[in-house]
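As structure tokens, the structure follows; a few thoughts come after it.
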Amino acid sequence: MLYDLEKIRADFPILNREIRKGYSLAYLDSTATAQKPQQVINAMNEYYQFHNANIHRGVHTLAEEATAMYEDARDKIGRFIQAKYAREIIFTRNTTESINLVAKSWGRKFLKPGDLIILTEMEHHSNLVPWQMLADENSLRLEFVSVNEDGVLALEVYKKLLDLNPKLVAFSHMSNVLGTINPAKEMIIDAHKVGAIVLVDGAQSVPHFAVDVQDLDADFYAFSAHKMVGPTGFGVLYGKEAILDATPPFIGGGDMIKKVELHSFKPNDLPHKFEAGTPAIAEAIGTAAAVDYLQAIGMENIARHEHELVHYAFNKLSSVENLKIFGKNNNRGGVISFEMANVHPHDVAQILDSVGVAVRAGHHCAMPLHEKFGIAATTRASFYLYNTTSEIDRLVEGLEIVNDIFS
Ligand code: C6P
């Protein structure tokens, strides 16, 4: 046992819910959003109860306390992903906003008509649509690294696309549908050889394994707090200092300026240049508590636990009739998407819900990937630090019920 699973589970009040009469909750949807431990909930409550004030503005005690807590959160989150400087950590609302910030601010300034962006077929809509919007606006070209039958990127295609001298490469570190962990470090080395800037979508990686942005040498790295046992409405954009310095502000307003005149403004220094308006202060503090929580368990232990769960789930699911898994590669995180022959994924999810098992059904915001596999939707089970093998047994029992109903 890597850690005391029962003790961990006791930290998450929601896991004790009887979700359906006679059925406790088996939460297998952490890829959508993770559950929150009491420690995170307490940190946010405590902030509101004892320290609530606006930041970077007041000189009174509460304002100073709130500012210190907010900036301590930045330090902690920066260290968590091994950023060189805290000022390279920009607080946003989520991964989606982080990527949009890069597209709208960096992209508008540095990408010129005819420039090429390389993406992959396994991207979440958050790492597709902002680039499509920018491509429409600035007449850019988009090319895509294909995904093979095993759910792995075709790296030979990637290398060929790099020969076309892209200005930007953007890809997810881990797929939210296939669970595939992409070889980010190698991909970044190759992209840098042709002078491209690289953005990594870390929505599914940062919560699940140790990420070192300096070792990866990523230029931009985006992630969301809510998938790493932290609050919703809070995300991070990491960017290398020199690149962020050269990037114009995203949203205009208070706090992002040094000086304002009637016809002009001078932007603030990093990171405040990108944080206009009153930010999500309690959420920053909650995210710092989430980082403390994950680090106390150890990211290596969490990754190994999920690896064991996914291995167990693969074995168990192989005995379920009429079930096909998408993406059967080994270098993967705790996500399994599958289809049941002739049963709509929403029916599968509803039957599972009737026995307390929460999974997601649909296209998981990755329509092009589903289209590639010739399907409209899948059912997805995903695992996190608090999941158990007996919850996977319950998933399998639920799927047997699906088979009984539809056979
Ligand atoms: N995927 C899922 O159920 P936001 O919504 O901004 O926090 O994260 C967007 C996002 C970006 N990239 C990847 C790889 C993701 O998985 C997600 C979110 C959730 O798969 C909600 S759609």
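Order of appearance sets the numbers: ligands from 1, and atoms from 1 within every ligand.
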> Are His208 and Tyr384 close enough that their ring centres sit under 6.0 Å apart?
Replying inline: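 Yes, close enough.
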
Charged N to carboxylate O below 4.0 Å: is that the case for [X] and [Y]?
X	Y	result
Arg74	Glu71	yes
Lys240	Asp219	yes
Lys159	Asp190	yes

> Is atom NZ of Lys266 surrounded by more than 12 heavy atoms (other residues, nucleotides or ligands) closer than 6.0 Å?
Replying inline: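 Count not over threshold, so no.
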
> With sequence neighbours left out, what residues match Lys185 under salt bridge (charged side-chain N to carboxylate O under 4.0 Å, His left out)?
Replying inline: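 If we apply the salt bridge (charged side-chain N to carboxylate O under 4.0 Å, His left out) test to Lys185, skipping adjacent residues, the hits are Asp215.
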
>> Tell me which residues fall inside the under-4.0 Å heavy-atom shell around ligand 1.
In response: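 For ligand 1, the contacting residues are Thr31, Ala32, Asn94, Thr95, Thr96, His124, Ser126, Asn176, Asp201, Ala203, Gln204, Ser224, His226, Lys227, Arg360, Cys365, Arg380.
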
